[in-house]
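In this text the structure is predicted, and so the values were computed from the model without any measurement.
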Amino acid sequence: MSSNPVAETVASLLPRAKTELTELVAFKSVADFAQFPKSESEGAANWIADALRAEGFVDVALLDTPDGTQSVYGHLPGPEGAKTVLLYAHYDVQPPLDEAGWTTPPFELTERDGRWYGRGTADCKGGLIMHLLALRALKANGGVPVHVKVIVEGSEEQGTGGLERYAEQHPELLTADTIVIGDAGNFRVGLPTVTTTLRGMTLVRVQVDTLGGNLHSGQFGGAAPDALAALIRVLDSLRAEDGSTTVDGLDAGARWEGLEYTDEQFRKDAKVLDGVGLIGDGSVADRIWARPAVTVLGIDCPPVVGATPSVQAGARALVSLRVPPGVDAAEATKLLQAHIEAHTPWGARVTTEQIGQGQAFRADTSSPAYQAMADAMGVAYPGETMQYAGQGGSIPLCNTLAGLYPRAEILLIGLSEPEAQIHAVNESVSPEELERLSVAEALFLRNYAAG
């Protein structure tokens, strides 16, 4: 890439990018204010607003969204009559989980073995840095040829829908000809990839109650209905013997058409232990991109340490259901709730509460923006052809934007390739991927303006 002036500029800016990402990662911006101070998220939002102002953005604002978080907006005017491109990222991050599992502190960017480690490096604070690098490279090489809007969300990981609802209430704010979502990732390091589908998601809290209070397991066990055991049976009913998701009435047989994912590569990416089998049937791509998938995210029950010999009177779980394009998330939620109620044993009392939801997304890959991105990625990744892949995760804002702006083209790129281990301990980003994708985005904006 060294013969390309844009690439040369991006390469020269990488040390600055590392410094900025270090500052941004230091904010513990988890949008669950019961776990982390709201001031951490506010600090990250203000950092981003200052960065946009420093790049010449106007109308920079901290948007108070209905879920109690802030998104950051800014507008960089381009040439008169130019197209408008919206660049998206999010600054909120997942909790670090078990900090003892991190090799280095989660909120301190650390370079190790050629990668930068820290929570949010890839998902998705690095996505914002990618946008800034692309714009800086264009400004240094003839200017930015389009109008640019930037929106950086503050609660994407929580799925609480603040930015979606704000956008619906202010539909004029994010209007654009094309939208680049910087929250996806390449299929593997070095293989340029645009994500064309996203699974939707619903989160349901399940409460099972059987007794007026806990009972002595010696005196009452064997006849007294155990709420924890009932909950375990309910959760087990959501999977077939092979591990496939089985929600009554929900289709689980779709096939993925496109880039394939071998079992061997998936085992390596997912770090599956030797001798442990994969779950489900069909190809890996079928299972993670085209079909529903249930996950038990947490269970409230007594911990092993300090447990007493008691029959449990109540137990609770949080269940996530990912749904593929073509399945309405609201309908899937109803099916999940009905399944749970139907499979609760012994007449136990069960209640379900939906606490989050996002619809699935499918992009129109025939649009001119996709050709502009393919050409750009071919330059940024010499010898490689841009691939189309799905993503098992959810970005609820995508469908909101597609509904508000049906003529806008939407592309999903980003830094969350498998080695990044997003949402897990030891999340990291490849600086080479950050460099190449920043070049690709810059060249895309130039190609798209000329198209």
Side chains of [Y] and [X]: any donor to acceptor distance under 3.5 Å?
X    : Y    : value
Q354 : T333 : yes
K149 : T175 : yes
Q359 : D328 : yes
T352 : Q337 : yes
E433 : Y381 : yes
T110 : E108 : no
D32  : Q158 : no
H90  : E156 : yes
Q421 : E427 : no
E8   : N4   : no
W47  : E23  : yes
Q265 : D269 : yes

Under the 3.5 angstrom rule, does the side chain of [X] hit a backbone N or O of [Y] as a donor-acceptor pair?
X    : Y    : answer
D286 : W256 : yes
R267 : V276 : yes
R287 : S283 : yes
Q387 : T385 : yes
H170 : Y166 : yes
H75  : F57  : no
S29  : Y91  : yes
R119 : F107 : no
Y370 : I410 : yes
T103 : G101 : no

Can we say [X] and [Y] salt-bridge, meaning some charged N sits less than 4.0 Å from an Asp/Glu carboxylate O?
X    : Y    : value
D177 : K83  : no
R165 : E168 : no
D92  : K125 : no
E417 : R188 : no
E20  : R136 : yes

So which heavy atom on [X] is nearest to which on [Y], and how close?
X    : Y    : answer
L138 : P145 : CD1-CD, 4.0 Å
T178 : A369 : OG1-CB, 3.8 Å
G280 : S244 : CA-OG, 3.3 Å
L250 : P292 : CD2-CB, 3.7 Å
C398 : L412 : SG-CD2, 3.8 Å
V429 : P431 : O-CD, 3.4 Å

Hey, could you give me the [atom1]/[atom2] distance between [X] and [Y], rounded to the nearest 0.5 Å?
X    : Y    : atom1 : atom2 : value
L321 : R199 : CG    : CZ    : 9.0 Å
T245 : R322 : OG1   : CZ    : 12.0 Å
I395 : T195 : CD1   : OG1   : 7.5 Å
R53  : D59  : CZ    : CG    : 11.0 Å
I299 : L235 : CD1   : CG    : 5.5 Å
L397 : E164 : CG    : CD    : 5.5 Å

Looking at side-chain heavy atoms only, is the closest gap between [X] and [Y] below 4.5 Å?
X    : Y    : value
V150 : L52  : yes
Y73  : L174 : yes
I413 : V180 : yes
V72  : I151 : no
L198 : W289 : no
L259 : Y388 : no
T202 : V323 : no
L318 : V204 : no

### Message
Counting only heavy atoms from other residues, nucleotides and ligands, does the tally under 6.0 Å from CD of E260 exceed 12?
### Response
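Counting neighbours around CD of E260, more than 12 heavy atoms of other residues, nucleotides or ligands fall under 6.0 Å, so yes.
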
### Near-ring test F187/Y261, centroid separation under 6.0 angstrom
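Ring-ring flag for Y261/F187: true, centres closer than 6.0 Å.
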
### Query
Would S416 and D123 count as a side chain to side chain donor-acceptor pair (under 3.5 Å) if you check the C-alpha gap in whole Å, the side-chain angles of each, and the deciding distance to 0.1 Å?
CA-CA 6 Å; S416 298; D123 184 24; 4.6 Å; no

### Query
Between Y405 and I179, does a side-chain contact (heavy atoms from CB on, under 4.5 Å) hold up when you go through it step by step?
CA-CA 10 Å; Y405 319 118; I179 301 166; 4.3 Å; yes

### Residues R291, D281; criterion salt bridge (Lys or Arg N to Asp or Glu O under 4.0 Å); working and verdict
CA-CA 10 Å; R291 294 180 180 176; D281 63 355; 2.9 Å; yes

### Query
Going through the checks in order, is the side-chain contact (heavy atoms from CB on, under 4.5 Å) test met by S320 and M201?
CA-CA 7 Å; S320 162; M201 177 188 67; 4.1 Å; yes

### Task
Would you please test Q70 and T65 for side-chain contact (heavy atoms from CB on, under 4.5 Å) and show each step?
CA-CA 6 Å; Q70 292 179 318; T65 57; over 6 Å; no

### Message
Using the rule side-chain contact (heavy atoms from CB on, under 4.5 Å), only one of T196, T197, V194 pairs with T365; which is it?
### Response
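Filter result, single survivor: T196.
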
### Message
Determine whether L336 and L238 satisfy the following criterion, side-chain contact (heavy atoms from CB on, under 4.5 Å), listing intermediate values before the conclusion.
### Response
CA-CA 9 Å; L336 175 62; L238 294 169; 3.8 Å; yes

